[in-house]
Each structure stands twice: as C-alpha cells, then as structure tokens.
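Keep in mind it's a predicted model, so treat the numbers as computed, not measured. Labels below follow one simple rule: chain letters A, B, ... track the order of the sequence lines, proteins then strands, and each chain is numbered from 1.
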2 protein chains.
Amino acid sequence: MAIDHTSDRPVFAQIADALRQRIRSGAIAPGAKLPSESELVEEFGVTRTTARRGLAVLQQEGLTEARRGLGVFVRETAPVIAVRNNRFSRSARAAGKGALAAEAEALGLDWQSEEQGPVEIVDVPDEIAQAIGEPRAAVKRRRMWVGGVPTQLADSYIPASVDVEIGYSAGLTVPGGIYGLLEANGHRLDRFREELVARQASPEEAVALHLSNGAPVVSLVRHAIDEAGKVVEYFDSVAAADRHRYVYEFKATD
Amino acid sequence: MAIDHTSDRPVFAQIADALRQRIRSGAIAPGAKLPSESELVEEFGVTRTTARRGLAVLQQEGLTEARRGLGVFVRETAPVIAVRNNRFSRSARAAGKGALAAEAEALGLDWQSEEQGPVEIVDVPDEIAQAIGEPRAAVKRRRMWVGGVPTQLADSYIPASVDVEIGYSAGLTVPGGIYGLLEANGHRLDRFREELVARQASPEEAVALHLSNGAPVVSLVRHAIDEAGKVVEYFDSVAAADRHRYVYEFKATD
DNA sequence: AAGTGGTCTAGACCACTGT
DNA sequence: CAGTGGTCTAGACCACTTC
C-alpha cells in the first residue's frame, strides 16, 4: 500500500483510500484504533501534515473519530431509532407511551425529554404563520435523549387560538400527550403531513446534538390537521441522521 | 471582525465564523465571490494556510464552493424536487408520466433517465433476498438527471419469479411503467413501504452524483407489495439530499 | 503574465490522556 | 513523563482561469 507519486490522485487522498479500505474490509474493526499520525508518517513517507489530511478525509466522511491524547478510532455504529408513520394511532396513544419512548425501550435504551424552558407564546416566523393561519403560537422546545445521547431537537407550535381552548401553555396535560389533549377538546385529528429534508447540521445544531461539524441531520416538519381542516400543531424536529430511520407505509391508491 | 487571540476558539474557526456571518446576513449573496485567500491573509493577519482552513470549514458545511483559478463562491441553492407518497396512484400512472418527470416539468426543468446497462438477472444481497423472498432478481440500474444535474441513483429489483411472468427483463413495457406492467399481469398493488435514512455519500456515490465528498444523501428503500402480500419490487435509491424533499401525507388512524 | 485555488514540506508550540 | 492529536507559521511548487 505505497504511495503512487506518478498518479494524479493527491497523496493525502491515497492515504485516505488505503485506510478506508482497511476499515471497510474489517482489518480495522469498529472501535479499533487507527495507526497514529507518526506511524502514518513512517509508513507512507510523508510529513505529519499530509498524514493528518488523509485522516481528516475519513473524519469528514464520518468513518472515524479522533480522541485527544488517545488516537483515532473507527466509529461504532449507533443504535438507530425507527420513526414510523403509524406512531400517532389512537390506540398507541391510549397505551400511554410516546412513540419515541416505545421505540427506545424496544432497543433497551433509556429515554429522556429535556425541555428548553417553559411553553411560551411567541410571534412565529412567516413560514409557520402561513401554515397555521395565524401569527402567534404557543411553543415548547425540547431536546430528546436516547441512551445517554442527544438524538433530536423538537419544537412544537400550537396556534394561539387553539392554545387558549386546550390550556396547553397553562400546563394542562392528559395521558395521550398533546394529541390526546387536542382530541379531548373537540379537535379530532384527521390527517398528518410530514416533510423531510436531509442537510448538514448548522454549527449550533452540531453542538446541541453532539455531532461533528457538517454531519447530516434530518429536518422533519409535521402538520397535524383536524377534521375542520385546521393545522392544530406545527412540529419541527432536527434529528441526528445516523440515529434515525424513517418508515412510511401507505396503501396503493386509485 | 478582528481575531481574538485570547479566545479558546481557534483562529481558523473565528475566520469561518466571520465569513459565515457575512453569508447568512446576505452581505455576501448566493453566487457571489468570497474574499480571496490573499485578501483573507491581509484582513485577519494570518498565514495562507490558516485562511484556507477557515474556508475549508465553510466548504465542508456546504455553504461555499471553490472554483480553481476563479475564487470561492457562495453556493446557489439548488432547485428541490418534492417526492410525494401519492406519486404512485393509478390515475397518475394513467396520465402516462412518471412522478419524477412530472415534478421536474413543474419546476421547468428537463429530465432524463440514464440506464447503466441492460436489465440483468442476478443473485441479490441477503437483505434484498429476505425482502423479496427469493435469491434472484432482475435488476435495472439507473441514474436520474434533472436540469442537467445528476440527482439520484435508482436500482429496481423484480423477483425472478415475477420477472418471468411479466417479461420485464425481456424488455416488455407498458405506458404506466413497471407498476403498470405488474398490474397488467395480475399483480394488483396493495401497499408500499418506504424507509429513509440520511447519511454521508460514499466516495463512489459522491462521484456519480457530482457531490463533494461526505455531502449528505438520502437512501430510500421501497417495497411494493401486491394484494397477495408478495413484495413484487424492491427499489433502492440514493439521492442528493440538497435536491430532494420528501412529503408524506397520511390519515390519523385508530 | 497575473491572480486564483490545490498540494506538500518542515518545524514549532499547545492540550489532553495514561502510566 | 511519553505519546497522542490540534493549531499555526513560512514558504515552495503546481494547475487552472482570465486577460
């Protein structure tokens, strides 16, 4: 696995290729340590700077993780939470468990919702105002943890006119969560609309979710719509991509 | 916007912060050129290496794009194709247009499917074999282009037993595409299951989709299931994340 | 030819981890 | 303390783009 100096491919890329191949083949297993920088310097006959650039490529690809004072290690694959489109059924609500909680428990992991302060009534951005048809909403911001790791940021907006009816910001709760509370107050849910976009984490999101800069996240926006056609909840989550998969089942239609 | 050398924050990160702020505020608009490396050297009082590292951060975040001999530019946001879960309705098929084609035309973009060779009958990986309940399948591999840009890789697997019935690998076609062909041969479709995972592009995918290394992609796996409960198509696509959004609408259920 | 970004070397100093 | 990764400087050579 020597460097081909006649090749057009940059040296650092060849080093990354060689190491990537060792990882993919299992020669360096998940959790195992890669050669140290000085070992790479010897092996490939380059300066430490160039060896580091090779390592940086793998880190950027999310394959490895550097630990100061210890070395560079192959990333362990994280447990992946399934998010399913049948998670909002009334029977699931009646069982009392949130969808995320149930999924986490099925994987043998503990679960936690960290509220980022009290429910506030705020002026919402245009995009949300358009969706809910009014300019103000009660918003609850949370950070979800599963297995001791932050997995997603979740903001829930309830239109102000609905909030006064159901007492959300006043702190009223029922076992079925926000959707239970809505249905208990005459807003029977008719349908949901979810829109998913994957993108790279902003620096702020990366910090909040303990991700490396530019790691992929999934942004999910949900509209919960009642039988009167009103959007009674606008839900916005940003989830670490490598900890979530999204499953949708739907019927063939005419 | 000078560098704070007393801060813990590395100099290159401070440079990235300053430039990111200019981009977010619109001071440097999409498509506009950032200061050249030598200008950054002057402005921030660092070496070119450090200035480059600052630029590298933004590039990794997907905010900018370097063009050799020209400069570094703020990325223009790409047109985003909506992928909808009602795209497989029979009425849409009757209209003769594929879902992607219709979406592209709505955006005023041209569309193209580039086949990566003939339909082949192959032994499939375990995961697919398990899904379709047999070890062999006819596979068609495509690369889709929209607006002159590759947008996704799409592999379609038809179980071998179904293939012989409907003549897929033999080249038979009907206006409604593969789903039309299936339904014309007694495999009336009952439901679909789609699973989405976002992750970073592999180097091979990055090349095929003209993405920078480690850019996010969305991997979508679809099972098309007929009324007998048989998976009659296993579809696997890898799409450039910044060119797609996925929209699912579904009813509240009991 | 001048200006741009891309790669690489050589060496310094620092911060963190484990012994 | 030795070994690890993290940051930064200084300067060289190269490839590409425009004039």
Colleague: Rounding to an integer number of Å, can you tell me how far Glu39(A) CD sits from dT4(D) P?
Modeller: 6 Å

Colleague: Between dT4(C), dT9(C), dT4(D), which one does the side chain of Ser36(A) approach most closely?
Modeller: dT4(D)

Colleague: With a 4.0 Å cut-off, would you call Glu37(B) and Arg53(B) a salt bridge?
Modeller: no

Colleague: Please report the distance, rounded to the nearest Å, between CZ in Arg9(A) and P in dC8(C).
Modeller: 11 Å

Colleague: List in numerical order all residues of residues 47-55 of chain A for which some heavy atom is under 4.0 Å away from an atom belonging to DNA chain C.
Modeller: Thr47(A), Arg48(A), Thr49(A), Thr50(A), Arg53(A)

Colleague: Using whole Å, what does the distance between atom C1' of nucleotide dT4(C) and atom CG of Leu34(B) come to?
Modeller: 13 Å

Colleague: Can a donor-acceptor pair be found, under 3.5 Å and without considering hydrogens, that links the side chain of Arg87(B) to the backbone of Arg84(B)?
Modeller: yes

Colleague: Could you work out which one of dG6(D), dA15(D), dT7(D) sits closest to the side chain of Arg68(A)?
Modeller: dG6(D)

Colleague: Starting at CD of Glu37(A) and ending at C1' of dT9(C), how long is that distance when rounded to a whole Å?
Modeller: 16 Å

Colleague: Judged by each residue's nearest nucleotide on DNA chain C, which is more toward the 5′ side, Arg67(A) or His5(A)?
Modeller: His5(A)

Colleague: Rounding to an integer number of Å, can you tell me how far Leu70(B) CG sits from dT18(D) C1'?
Modeller: 8 Å

Colleague: Whole Å only: how far is the CG atom of Leu40(A) from the P atom of dT4(D)?
Modeller: 11 Å

Colleague: Salt bridge or not between Lys140(B) and Glu120(B)? Use side-chain N to carboxylate O under 4.0 Å.
Modeller: no

Colleague: Do His244(A) side-chain atoms and Ala240(A) backbone N/O form a donor-acceptor pair below 3.5 Å?
Modeller: yes

Colleague: In whole Å, I'd like the distance from the CD atom of Gln59(B) to the P atom of dG6(C).
Modeller: 6 Å

Colleague: Would you kindly compare Pro10(A) and Gly69(A) by the position of their nearest DNA chain C nucleotide and give the one closer to the 5′ end?
Modeller: Pro10(A)

Colleague: Answer whether the closest heavy-atom distance between the side chains of Ser156(B) and Asp236(B) falls below 4.5 Å.
Modeller: no

Colleague: State plainly whether the residues Glu205(B) and Arg199(B) are in salt-bridge range, i.e. N to O under 4.0 Å.
Modeller: yes

Colleague: List the steps and the verdict of salt bridge (charged side-chain N to carboxylate O under 4.0 Å, His left out) for Arg9(B) and Asp17(B).
Modeller: CA-CA 10 Å; Arg9(B) 193 151 178 79; Asp17(B) 292 345; 2.6 Å; yes

Colleague: How close or far is atom P of dG6(D) from atom CD of Gln14(B), stated in whole angstroms?
Modeller: 19 Å

